[in-house]
Amino acid sequence: MIQGILVVILFLIASFYLGRMIYGELSGKGKHCDNCAVKDRGIKS
Amino acid sequence: MSIQKIALVGNPNSGKSSVFNQLTGLNQHVGNYPGVTVDKKTGSFPGKEGGKIKVIDLPGIYSIYPKSEDERVVFEILKDKGHKNYPDLCVVVVDVTNLERNLLLFTQLHDLKIPTILVVNMVDLLEGEGISVDLEKLSELLGGVPVIPMNARKGEGIEALKNAIYDFNQTTWTPFLKQYATHDHGLKHLPSPSEQIEDTDRRFKKITQILKFCVKRAEPSKSRKLISNRIDKVVTHPIWGYAIFLFILLLIFQAIYELASVPMDLIDNVFLLLSQGTRDALPPGVFTDLIAEGIVPGIGGIVIFVPQIVLLFAFIAILEETGYMSRVVFIMDRLMRPFGLNGKSVVPLISGVACAIPAIMATRTIDQWKDRLITIMVTPLTSCSARLPVYTLLIALVVPDKSVWGFMNLQGLVLLGMYLLGFAAAFLAAIIFKLIIRSRQKSFLIMEMPTYKIPRWSNVGITLWEKTKVFVWEAGRVIMAISIILWVLASYGPPNRIEKAVSAIPIPENVADDAKMSYEEQVSSVKLENSWIGLLGKQLEPAIAPLGYDWQVGIALITSFAAREVFVSSMATIYSVGEDFEDEATMLQRMRQEVNPRTGQSVYNLASGLSLMVFYAFAMQCMSTLAIVKRETKSWKWPLLQLVYMTTLAYIGAFITYNLLQ
């Protein structure tokens with residue numbers, strides 16, 4: 001039972017994280033691309 | 001005068017980013033490679049009496065008059081005293097071995113009445129070049145501007161520069177050219193092109209006169225000059241240059257295979273033990289299964305490629321550090337011109353080998369918009385580091401590990417082939433885009449050949465650490481999230497569907513190990529097939545079957561849509577779900593054992609494996625790249641076109657490959 005609840009919680013967190021990341025990237029506020037771009041080319045968004 | 005904000009300005013490759021790093025203590029990427037900075041970077045260092053002094057590192061420019069996007073960044077800031085980034089002080093960094101050309105920009109800034117300090121960088125090269133510079137005289141002839149000698153790579157002179165910034169107090173100002181003397185309100189309006197040429201010409205004449213008084217050139221050290229010229233003659237030779245580049249690439253890919261195999265095996269086994277250990281340590285249940293079958297194999301699937309990624313980045317960093325990368329840009333320009341690519345497209349295309357995102361940013365140096373757009377559209381075809389895990393996994397599966405001509409590894413050769421395929425596709429796509437976008441303007445790559453330098457190993461180390469950290473941390477978080485979601489979707493299905501399917505499998509009557517194992521394999525296969533993700537993969541199967549893929553590959557294609565590297569961890573999760581962990585097979589072994597029930601052949605054979613590699617070589621499986629293309633083109637039209645054309649190209653390419661080899 002407890003294990004099942006933990007799985008559901010992790011699943012929800014993962015879904016939320018992924019959804020937020022996809023929304024962030026597509027709306028131009030992505031961190032993934034900014035992080036390496038700042039390091040490589042000095043880009044500030 | 002209290003300095004709050006300073007800007008670092010200078011020609012490309014004059015060492016501004018090194019000065020920036022020394023001042024701020026940050027580790028921004030520095031390359032012996034022009035155009036490393038294409039937009040401003042900011043940092044700070046402590047002021048003399050508390051507080052912070054903001055430092056802005058601006059892109060390298062040759063003149064204040066802008067021609068391209070990166071030059072416009074500098075122009076926009078410096079033209080207007082009301083700009084939020086307008087500095088209290090400009091630190092102009094010049095390369096001591098090329099003062100004549102470097103001082104042009106300094107004189108332009110000085111005449112805009114921007115307070116300036118002149119940093120004469122790379123003084124360590126003076127002796128070898130046979131040059132001596134009278135810095136006091138130079139300061140005097142430039143109107144009393146503070147002149148600081150530096151070797152920014154090693155941090156020599158940094159304290160003198162900080163003190164000069166702290167103590168800066170300009171009381172008098174003498175114009176360099178008199179007609180700018182009244183220019184108190186910034187460069188609001190650009191002079192006409194003819195005025196720009198006249199202005200530049202007059203400045204160069206005066207700079208030449210000044211340098212006659214303060215620079216003495218002895219006959220340069222013959223051996224050094226000869227060695228440098230001799231190296232350049234060979235490495236930029238129309239035939240040998242390419243042969244050497246190809247040989248270096250070959251060495252890199254061979255080394256990636258040879259050197260990485262031991263740590264990769266080790267990591268693979270560590271993660272296998274971790275999965276087993278988790279199962280042993282935690283009480284049985286779904287959460288334990290999620291960790292042992294979902295998260296651990298998913299993360300392991302990407303961490304296993306860290307040794308190869310580290311090696312790839314190490315080689316790129318060393319090539320940049322030594323100055324060889326600039327020679328590569330030079331010879332590639334010659335190769336790319338017949339394809340209609342702009343000379344300045346070379347840097348983005350070469351940078352694309354590491355990551356398409358900074359490479360697309362680097363297109364800002366291209367002044368013609370149509371040429372820039374073509375480069376943006378084709379750059380993601382060059383094989384980035386995220387494709388490396390996909391290639392190496394598939395190569396290990398379908399290409400035999402054997403020697404060719406006695407000294408080369410066949411797997412390394414195939415990997416090299418995949419990278420060359422990426423370049424070839426980018427060149428061909430450029431021809432087509434040239435016809436569609438109709439860019440007929442010609443422009444040329446003018447770049448400086450930096451001197452050859454011994455790599456700074458600390459810099460290589462920092463670059464590796466940063467890149468690896470970004471790769472593991474950024475990709476790792478996404479992979480962890482996807483592994484959790486994937487495991488849940490692969491373990492559960494529509495109500496009663498899995499149970500019904502499993503009960504339909506006949507239970508073996510004898511209890512022989514082989515029969516029992518075969519039954520268990522069938523059960524786990526049927527469970528996955530009837531899970532939510534299995535059903536989704538099955539829906540996709542008719543579309544991808546002509547490419548030689550089954551529904552399990554289909555699942556990985558869907559999950560890796562956001563980022564290519566997710567493919568590997570998805571495969572790891574898919575092949576772990578429901579597995580018996582007493583069977584100590586690694587992911588590769590499990591994939592090798594996979595048999596297509598329709599054909600009875602191995603799922604991963606040469607035809608399907610190469611077809612999958614070709615698919616990943618061409619497909620736009622990177623959401624971050626799409627986002628950055630949207631940002632750079634300010635429209636969704638171009639990233640969507642890119643997505644459609646690259647996916648179509650990937651499908652057709654994979655279809656042809658599979659059918660030719662089948």
Side-chain angles (χ1 to χ4, degrees), chain A, chain B residues 17 20 27-29 35-42 57-59 282-291 294-295 351 354-355 357-362 364 463 466-467 470-471 473-475 477-478 480-485 487-489 491 562-563 622-628 630-631 636:
Chain A
M1 179 67 181
I2 293 171
Q3 292 220 4
I5 293 168
L6 283 172
V7 168
V8 171
I9 291 170
L10 269 185
F11 180 76
L12 291 175
I13 292 172
S15 305
F16 174 75
Y17 175 78
L18 209 62
R20 202 186 60 161
M21 193 207 75
I22 292 170
Y23 172 77
E25 291 286 6
L26 297 182
S27 60
K29 295 169 194 157
K31 283 187 177 170
H32 173 84
C33 48
D34 280 352
N35 277 351
C36 43
V38 168
K39 285 193 169 63
D40 285 3
R41 297 271 158 194
I43 312 296
K44 288 285 276 183
S45 55
Chain B
S17 297
F20 178 83
N27 291 318
Q28 298 290 357
H29 179 62
V36 166
T37 312
V38 290
D39 203 342
K40 61 183 186 294
K41 286 188 293 203
T42 52
D57 182 16
L58 295 171
L282 294 176
V286 281
F287 185 68
T288 307
D289 290 346
L290 167 64
I291 295 178
I295 297 176
S351 309
C355 178
I357 292 157
I360 285 167
M361 301 284 199
R364 289 181 186 184
T463 307
E466 292 288 333
K467 299 260 188 193
V470 168
F471 180 78
W473 182 238
E474 295 298 324
R477 283 186 298 179
V478 177
M480 188 143 166
I482 288 183
S483 297
I484 293 168
I485 296 169
W487 181 86
V488 172
L489 295 179
S491 301
C622 181
M623 202 172 52
S624 304
T625 304
L626 286 173
I628 223 72
K630 191 254 166 182
R631 198 153 88 184
W636 273 113

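Naming: A, B, ... by sequence-line order, numbering from 1 per chain.
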> Among all residues two or more places apart in sequence or in another chain, which pass the side chain to side chain contact (heavy atoms under 4.5 Å, CB included) test with B:Leu489?
B:Ile485, B:Trp532, B:Ile533
> Rounded at 0.5 Å granularity, tell me how far OG1 in B:Thr288 sits from CG in A:Leu6.
9.5 Å
> According to side chain to side chain contact (heavy atoms under 4.5 Å, CB included), who are the partners of B:Val488, at least two apart in sequence or on a separate chain?
A:Val7, A:Phe11, B:Tyr492
> How long is the span from the CZ atom in B:Phe287 to the CG atom in A:Leu10, to the nearest 0.5 Å?
5.0 Å
> State whether the side chain of A:Gln3 and the backbone N or O of B:Asp289 hold a donor-acceptor pair below 3.5 Å, judged by distance alone.
no
> For atom CE of B:Met480, is the number of surrounding heavy atoms from other residues, nucleotides or ligands below 6.0 Å larger than 12?
no
> Give me the atom names and distance for the closest heavy-atom approach of A:Ala14 to B:Ala481.
CB-O, 3.6 Å
